[in-house]
Amino acid sequence: MLDIHYIRENHKEVIERLKVKNFDASNLVNRILEIDKKRRETQNKLDTTLSESKNMSKEIGSLFKEAKFDQANELKEKTSQLKEHSKELSSELENLKNEQQKLLTELPNLPHPSVKKGQSDEDNEVVEQQAKESIFKEKGKPHWELADKYDVIDFNTGSKISGAGFPIYKRKVARLQRALINYFLDLARSEGYEEVQPPVLVNEDSGFGTGQLPDKEGQMYELENAPLYLIPTAEVPVTNMYRDMVLQEKQFPIKNVAYSSCFRREAGSYGKEVRGLNRLHQFDKVEIVQIQHPDKSYDTLTEMIEYVKRILRNLELPFRVSRLCGGDTSFAAAVTYDLEVYSKGQKKWLEVSSVSNFETYQSLRMKTRFKNREGKMQAPHTLNGSALALPRLVAALMENNQTSAGIKLPEVIVPYTGFDYIN
RNA sequence: GGAGGAAUGGCAGAGUGGUCGAUUGCGGCGGUCUUGAAAACCGUUGUCCGUUCCGCGGGCCGGGGGUUCGAAUCCCUCUUCCUCCGCCA
């Protein structure tokens, strides 16, 4: 959520910058300013009215003490009028506040100045590519064929018991996933991230706090007999741990890592994009979250991207880093970097991590604050990134490491799996 | 699921209808003292909204609603926590 004070002062800039996200904010911003003005006027009227009736009440109190009952009763009658008036004003104020809040939540976060205008993932800027040219020429089978060959992923049985997009990992791939999760958690812990195990069901306030709600037709599954949502990422519960909190500056950076299953509706996805492990309704992910002082959040963003790159290098995977264009950057993010690995069986780049800085967008929604050096309340910046999401990573590991003896695992994971080939 | 108890400022803990945004202690911040620190002493210390920004007005005692001229205090309701019973991985 954007700060109303900021919009009030910089409405032209807000409209201009949101164009980068292909969002025409002019009507919305104008309505917000209009309502804001009305709201403040109403607040003023209400305050004056309440002040008057408050003073009268005090007077009545002292009149009673002095046993001047006639005068007291006379005043009592006067207050009833004020009361009526203040009731009207406060319900009016309530409506205006709600309306303003609703409109504010419809505004996306402002994109960082580095973000370029663009429509889709085709307009994303590759900022770094670390893949040997030779890999693009190599041949390989797609992972779904390898999964059959080694009998390690069962898509059909998953479909039977749940539906499309719910595979069953078996045998050595099941064990590989468990190993990867442990490896990622250990690595994050050694980098100072505190491990947490969050709920996978969250309430509406949490969904709102990180920006998934109020869009109910979006990515989250909603329960029918309880007001809860299945998390699409551990970002939601982990970031919301700090909702409605006043933090201390010396706590920064707050670093958490969490493993969780993630659930996504992925409505509208179809075709080859969803083949195999490419797009699932349920998958496992290790997520890193940081809460940082606004002055330092972009250093933190770089540090988080470097951290993910390090994992990919350790796993010996060819990767590239892109900065998403405005059109591809999510509603709540100021800037997002995607990390993709090249998967030679499908001959394409697979997104395995997405690292974002939300600046104050989430903290303003969540009412997360800290007291700064001047003693004033300030909104911190929130950041998160996948480190890493498993299915596409497993797909890439399978496709890129095919040998006649089976799929050879990178050395770094062998101590965790206890085996070095999937065969 | 059933029965009872509780929820007050960063924390602890007073306050049961009238100047209470709230006694007090701890903690925090500033100062005195000290070579420095501790102790002691003095002062200060919630947040949000509005404003003609010195200052002033209003809201907030778990959330919402009600009674009253007036509510932290009385009533209703919801949530959370604690104790006991039941069930249970």
Side-chain angles (χ1 to χ4, degrees), chain A residues 1-9 32-105 197-209 213 223 225-229 237 240-252 254 261 291 293 360 363-380:
Chain A
M1 190 165 76
L2 300 181
D3 183 13
I4 181 63
H5 301 101
Y6 188 85
I7 299 174
R8 219 183 274 158
E9 301 297 316
I32 288 170
L33 291 177
E34 226 172 84
I35 285 174
D36 182 51
K37 191 166 168 245
K38 254 194 211 161
R39 194 203 95 233
R40 287 184 289 158
E41 287 167 1
T42 309
Q43 172 91 54
N44 244 322
K45 285 187 206 161
L46 176 64
D47 286 355
T48 315
T49 311
L50 287 176
S51 175
E52 262 180 69
S53 77
K54 212 175 162 176
N55 286 332
M56 279 193 194
S57 288
K58 284 181 187 171
E59 216 176 316
I60 291 170
S62 47
L63 286 174
F64 270 123
K65 269 184 194 161
E66 295 164 26
K68 297 177 180 169
F69 301 112
D70 289 352
Q71 288 182 49
N73 287 323
E74 209 175 292
L75 264 185
K76 265 197 195 181
E77 279 178 29
K78 279 191 187 171
T79 56
S80 69
Q81 277 182 25
L82 284 176
K83 207 179 164 185
E84 278 303 302
H85 194 208
S86 71
K87 261 189 182 167
E88 282 168 29
L89 285 171
S90 63
S91 84
E92 196 180 320
L93 182 64
E94 194 62 23
N95 289 339
L96 288 166
K97 275 183 176 171
N98 289 341
E99 180 67 6
Q100 181 174 328
Q101 174 72 6
K102 188 177 150 271
L103 294 174
L104 278 174
T105 61
Q197 236 180 0
V200 296
L201 290 172
V202 295
N203 59 27
E204 189 170 348
D205 286 346
S206 297
F208 177 81
L213 292 174
L223 296 199
N225 57 0
L228 294 169
Y229 299 83
N240 273 285
M241 293 196 302
Y242 304 96
R243 175 155 49 81
D244 291 319
M245 274 182 71
V246 178
L247 302 167
Q248 290 176 295
E249 193 168 337
K250 64 183 178 204
Q251 286 177 271
F252 296 142
I254 293 174
S261 291
I291 299 182
H293 192 286
T360 59
S363 55
L364 288 172
R365 284 169 89 101
M366 292 193 301
K367 296 191 169 65
T368 302
R369 294 159 296 167
F370 71 97
K371 203 168 244 182
N372 65 21
R373 287 198 181 82
E374 287 84 51
K376 291 240 169 113
M377 287 296 179
Q378 199 181 339

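Per chain, numbering begins at 1; letters A, B, ... match sequence-line order.
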If you measure from the P atom in G13(B) to the same atom in G70(B), how many Å do you get, rounded? 34 Å
Grab the CD-C1' distance between Gln248(A) and G46(B) for me, whole Å please. 14 Å
Could you check which of C49(B), C48(B), U51(B) has an atom nearest any side-chain atom of Arg39(A)? C49(B)
Report, one pair per line, the protein and nucleotides 11-13 of chain B atoms (nitrogen or oxygen only) whose separation is under 3.5 Å.
none

Rounded distance in Å between the P positions of A72(B) and G18(B): 11 Å
For the pair made of NZ in Lys38(A) and P in G50(B), what is the distance, rounded to whole Å? 17 Å
Rounded off to whole Å, could you give me the CD-to-P distance for the Gln251(A) and G28(B) pair? 16 Å
Rounding to an integer number of angstrom, what distance separates C75(B) and C26(B) when you compare their P atoms? 35 Å
Establish, from distance only, whether the side-chain atoms of Gln43(A) and Asp47(A) form a donor-acceptor pair under 3.5 Å. yes
Using the C1' atom on both, measure G5(B) against G10(B) and round to a whole Å. 26 Å
For nucleotides 54-73 of chain B, read 5' to 3', which letter fits each nucleotide if B means a protein heavy atom sits under 4.0 Å from the base, S means only the sugar-phosphate is that close, and - means neither? ---BSS--------BBS---
Tell me which of Asn44(A) and Arg369(A) sits closer to the 5' end of RNA chain B, going by the nucleotide each one is nearest to. Arg369(A)
Taking atom P in both A38(B) and U79(B), compute the distance separating them and give it to the nearest angstrom. 49 Å
As a check on the pairing definition, encode RNA chain B in dot-bracket form, counting Watson-Crick and G-U wobble pairs whose two distances are under 3.5 Å, and using | for partners outside this strand. ((((((((.[[[..)..(.....]]]((((((.......))))))((((((...)))))).[[[[[..)....]]]]])))))))....
Using atom P in both nucleotides, what's the gap between A22(B) and U44(B) to the nearest angstrom? 14 Å
Using atom C1' in both nucleotides, what's the gap between C69(B) and U23(B) to the nearest angstrom? 27 Å
Expressed as a whole number of Å, how far does the C1' atom of G9(B) sit from that of G46(B)? 5 Å
